[in-house]
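Here is how names work: the chains are called A, B, and so on, in the same order as the sequence lines, proteins then strands, and each is numbered from 1. Please read all numbers here as calculations on a predicted model, not as lab measurements.
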There are 2 protein chains.
Amino acid sequence: MAKQITEMLKGTLEGIVLGVLANRSAYGYEITTWLRDQGFTDIAEGTVYALLVRIEQRGLVAVEKVPSEKGPPRKVYSLSDSGREHLAEFWRTWSFLAERIEQLHEGRG
Amino acid sequence: MAKQITEMLKGTLEGIVLGVLANRSAYGYEITTWLRDQGFTDIAEGTVYALLVRIEQRGLVAVEKVPSEKGPPRKVYSLSDSGREHLAEFWRTWSFLAERIEQLHEGRG
DNA sequence: ACCGGTACATAGTGACACGGAGTACCGGTT
DNA sequence: AACCGGTACTCCGTGTCACTATGTACCGGT
């Protein structure tokens, strides 16, 4: 699972994170841990934080600072309306791409 | 707003092209036309040519120059053994990613 | 002579994941 | 008190990739 996943995550990681936030609010460290548990073992911590900053600046998420008993305060992100729309668009784009790739995979290319 | 597809194609477009070449040899212009027919209307011609140069330099494809009746000579690409391996790895990586994203989509995130 | 379709090439730009390092807060061990 | 590991976030530099824009060149038909 070498370098191919790195390039594939471009564009999809944002959708994944938005998808997670669609289910429940979460903070960066939590999301990183969740991704690792899902098998994305190579995802860099910095990558997730940078992504969160980006989607916050675009207004796709709202942030709330919440104190933690175990360390520095957490930045808890939740999906905004704009983020929900963006996520819907992501699913449409993803479906389009996945459909065609699956066709190729099944040899009907 | 098909800017999402631009980022999503990073990493996947290479796999798509390799997938096409797994079925039959093809040249750049032909591949571009095929992609457009498949619905990838925004794929730039230059993108495909640049990709082909890249995978040729990595030894994933072999090239043969073939004269055309309608224009300049075509560069016909065919998959090498190394390319076939790379494609297999692509399918593994893709399946891994697609599986997790589909789970998210179905709300089991 | 011109135009449109065929066919390939490439320099510059922007977006994004990654590697690596750093800051800070906390509880438990020594 | 000093140290360490887990928690939690930040930032800079790098490489890769698709896109934009443009250019070259070959060909047949008008």
_Which nucleotide in D:dT7, C:dC8, C:dC16 has an atom nearest any side-chain atom of B:Y29_ = C:dC8
*First of A:E7 and A:A50 reached from the 5' end of DNA chain D, by closest nucleotide*: A:A50
*Consider the side chain of A:E45, meaning its heavy atoms from C-beta on, and name the nucleotide among C:dC18, D:dC9, D:dA18 that approaches it most closely.*
D:dC9
*What nucleotide among C:dT6, C:dC8, C:dC18 has an atom nearest to a side-chain atom of B:K75?*
C:dC8
*Compare the minimum distances between each of C:dC8, C:dA17, D:dC19 and the side chain of A:T47, then state the nucleotide with the smallest one.*
C:dA17
_Between D:dC26 (C1') and B:Y27 (OH): distance, integer Å_ = 14 Å
*List for me each residue that meets ring-ring contact (aromatic ring centres under 6.0 Å, His included) alongside A:Y49, sequence neighbours excluded, and say none if there are none.*
none
*Take atom CZ of A:F40 and atom C1' of C:dC18, then tell me their distance rounded to the nearest Å.*
16 Å
_Heavy-atom donor-acceptor pair, A:S68 side chain to A:P73 backbone, under 3.5 Å_ = no
*Treating a pair as Watson-Crick (purine N1 to pyrimidine N3 plus N6-O4 or O6-N4) or G-U wobble (N1-O2 and O6-N3) with both distances under 3.5 Å, list the stems of 3 or more consecutive pairs that involve DNA chain D.*
C:1-30 with D:1-30
*Counting only N and O atoms by type, is there a donor-acceptor contact under 3.5 Å from the side chain of A:R36 to the main-chain atoms of A:I43?*
yes
_Backbone of A:A22 reached by a side-chain donor or acceptor of A:R84 within 3.5 Å_ = no
*Hey, what's the ring geometry for B:W94 with A:W94, parallel, tilted or perpendicular (30° and 60° as the breaks)?*
parallel
*asked:* What is the separation between atom CG on B:L9 and atom P on D:dA18, rounded to the nearest whole Å?
replied: 7 Å
_Distance check needed: D:dT7 C1' versus A:I31 CD1, whole Å only._
15 Å
*Mark yes or no for a side-chain to base donor-acceptor pair under 3.5 Å between B:K10 and C:dA15, with no hydrogen or angle criteria applied.*
yes
*asked:* Let me confirm one number: the CD1-CG distance from A:I55 to A:L18, rounded to the nearest 0.5 Å.
replied: 5.0 Å
*Nearest-Å distance for atom pair CG/P, residues A:D42 and C:dG19*: 7 Å
*Take B:L21 and B:L60, measure what side-chain contact (heavy atoms from CB on, under 4.5 Å) needs, and give me the verdict at the end.*
CA-CA 10 Å; B:L21 294 177; B:L60 306 183; over 6 Å; no
*Which class fits the ring pair A:F96 and B:F40: parallel under 30°, tilted 30 to 60°, perpendicular over 60°?*
perpendicular
_Donor-acceptor pair, side chain of B:T32 and main chain of B:E45, under 3.5 angstrom_ = no
_Integer-rounded Å distance: D:dT20 P and B:I43 CD1_ = 11 Å
*Looking across every strand, which nucleic acid part, if any, lies under 4.0 Å from B:S68 by heavy atom: base, sugar-phosphate, or nothing?*
sugar-phosphate
*Does anything in residues 52-63 of chain A reach DNA chain C, meaning a heavy atom under 4.0 Å, and if so which residues?*
A:R54, A:R58
*Out of D:dT10, C:dC25, C:dT6, which nucleotide sits closest to the side chain of A:P72?*
C:dC25
*Should A:L51 and A:M8 be counted in the same cluster of Ile, Leu, Val, Met, Phe, Trp and Tyr side chains packed under 4.5 Å apart?*
yes
*Checking all strands, does A:E30 fall into the base, sugar-phosphate, or nothing category for heavy-atom contacts under 4.0 angstrom?*
nothing
*Measure the distance from CG on B:L51 to C1' on C:dT10 and round it to the nearest whole Å.*
15 Å
_Whole angstroms only, please: what is the OH-P distance between A:Y49 and D:dC9?_
4 Å
*Contact nearer the 5' end of DNA chain D, comparing B:L13 with A:R74*: A:R74
